[in-house]
Amino acid sequence: MEMEADVLIVGTGIAGMYSALNLREDLKIVMITKSNVEECNTYLAQGGISTARNEDDYDIYIEDTLKAGTYKNDIEAVKVLVEESIENINKLVSLGVKFDMDGENFDYTREGAHRVNRIVHCSDKTGQKVFEVLLDNVKSKKNINIIENACLLDLITSDNKCCGGIVRIDNEIVQINSKITILASGGIGGLFKNSTNQRTLTGDGISIAIKNDVEVVHMDYIQFHPTALYEGNSKDKRFLITESLRGEGAYLLNNEGDRFVDELLPRDVVAKAILEEERRTNSEYVFLDITHKPKDFIINRFPLIYNECKKRGIDITKDKIPVTPAQHYFMGGIKVDTDSKTSMNNLFACGEVSCTGVHGSNRLASNSLLEGLVFSNRAAECINRSIDDIDCAKGKINIKMVQDCDKYNKHIIVEEIIKARGDMKNELVGC
Ligand code: SIN
């Protein structure tokens, strides 16, 4: 079966949705998602979205991002991220997102390695609330069609030009011909035994890029979040305990009841300190303690965490929360420029699947949703300007080759991760 689109978008997280909303309304847009539409990491994001508070904050915010990223960041991309943050947060508000307010101003919160409070949030359900607004807006557009249970198997290409994708929709193989393809298919956490990510996120976009000689970079830049809820050997995704709990004053304690690290250091430093403390005390977890804050504040500010922990027998207003690091984010990915263009013509990538270079080797907390917004918007603007000059070419495909290729795709990315991070082999599912 064949379908035609002006733009094919792979993924329904913040980068996919926001690029769709910023594309021209005269373009026929097909969005595909491997599972159901909510099954993206955006939905799980708790802490919030970083933003410059005003122009005076630009330099400090840029420096915080570079310092957390161990100065391996792309400075031009970081400047774009910071300088376009306010307009994109305002656009989310105009689309209908209701961030928590402190009078007339946003109720900015703080997370590790930010020198000031600059994170807008919707209690501890920021991702879910933003996602719901984006989805409502997308559904109201007649030119956007979302197809669920549609797994990208391969790109259709011709002379380093992308002409669409081969997709398995339910059990049927469908050729979607498009002038432009945007990969917004998310990260790699589903490949790890312990990850805060949706289990379905297995780096498909990156594998498919590698297979088609699209440039990828920094396969070794894998981030662990310091505080996922400790739940023994559960095979499910790890429940995140947002860094903003520490931003609002929670302490990290070892099993002797002592603090052992400055809780607001960058994520990689805190995660390492926790692992060392676990080793030293022969324990599989440490504790996060917010019991010294007023009960009403805890319940109103962190309703998701309060309820999820309660279901598991932990009352966070009275009990310390057992936590341990888990894989959380991939800073490497498909190399893109500041318009989200990849090394293949007519192929864009945005969100976690891409590497703009903004995060360096360690992402600053709450910079991921912002990256998804800023760079998917830039992709859309670039496409709006250039798409009329593109013909819908038909590339070559070999249907026999694609029948079983999701297993092969997984193999490609696992091999690449092991090549880049041999030390992670035991962390990967099935290795
Ligand atoms: C968190 O809320 O701790 C996660 C936010 C992020 O990954 O940036």
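First listed ligand is number 1; within each ligand, the first listed atom is number 1.
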Quiz item: Which residue pairs pass the ring-ring contact (aromatic ring centres under 6.0 Å, His included) test with at least one member in residues 44-73, sequence neighbours excluded?
Solution: none
Hey, can you pull the donor-acceptor pairs under 3.5 Å for the side chains in residues 45-53, sequence neighbours left out?
{"from": "Gln46", "atom 1": "OE1", "to": "Thr242", "atom 2": "N", "distance (Å)": "3.0"}
{"from": "Gln46", "atom 1": "NE2", "to": "Leu240", "atom 2": "O", "distance (Å)": "2.8"}
{"from": "Ser50", "atom 1": "OG", "to": "Ala365", "atom 2": "O", "distance (Å)": "3.1"}
{"from": "Ser50", "atom 1": "OG", "to": "Ser366", "atom 2": "O", "distance (Å)": "3.0"}
{"from": "Ser50", "atom 1": "OG", "to": "Asn367", "atom 2": "OD1", "distance (Å)": "3.4"}
{"from": "Thr51", "atom 1": "OG1", "to": "Ser85", "atom 2": "OG", "distance (Å)": "3.4"}
{"from": "Arg53", "atom 1": "NH1", "to": "Asn117", "atom 2": "O", "distance (Å)": "2.6"}

Hey, what polar pairs (N/O, under 3.5 Å) does ligand 1 make with protein?
{"from": "ligand 1", "atom 1": "2 (O)", "to": "Gly47", "atom 2": "N", "distance (Å)": "3.0"}
{"from": "ligand 1", "atom 1": "2 (O)", "to": "Thr242", "atom 2": "OG1", "distance (Å)": "2.6"}
{"from": "ligand 1", "atom 1": "3 (O)", "to": "His225", "atom 2": "NE2", "distance (Å)": "2.8"}
{"from": "ligand 1", "atom 1": "3 (O)", "to": "Thr242", "atom 2": "OG1", "distance (Å)": "3.4"}
{"from": "ligand 1", "atom 1": "3 (O)", "to": "Glu243", "atom 2": "N", "distance (Å)": "2.7"}
{"from": "ligand 1", "atom 1": "7 (O)", "to": "Arg267", "atom 2": "NH1", "distance (Å)": "3.2"}
{"from": "ligand 1", "atom 1": "7 (O)", "to": "Arg267", "atom 2": "NH2", "distance (Å)": "3.1"}
{"from": "ligand 1", "atom 1": "7 (O)", "to": "His328", "atom 2": "NE2", "distance (Å)": "2.6"}
{"from": "ligand 1", "atom 1": "7 (O)", "to": "Arg363", "atom 2": "NH2", "distance (Å)": "2.9"}
{"from": "ligand 1", "atom 1": "8 (O)", "to": "Arg267", "atom 2": "NH2", "distance (Å)": "3.2"}
{"from": "ligand 1", "atom 1": "8 (O)", "to": "Arg363", "atom 2": "NH1", "distance (Å)": "2.7"}
{"from": "ligand 1", "atom 1": "8 (O)", "to": "Ser366", "atom 2": "N", "distance (Å)": "2.5"}

Exercise. Please say whether more than 12 non-hydrogen atoms of neighbouring residues, nucleotides or ligands are located less than 6.0 Å from CG in Asn54.
Key: yes
Quiz item: Which residues pass the salt bridge (Lys or Arg N to Asp or Glu O under 4.0 Å) test with Glu243, sequence neighbours left out?
Solution: Arg246, Arg267
Practice problem: Kindly state whether the ring of Tyr251 and the ring of His292 have centres lying under 6.0 angstrom apart. | Solution: yes
Quiz item: Under 6.0 Å between the ring centres of Phe106 and His121?
Solution: no
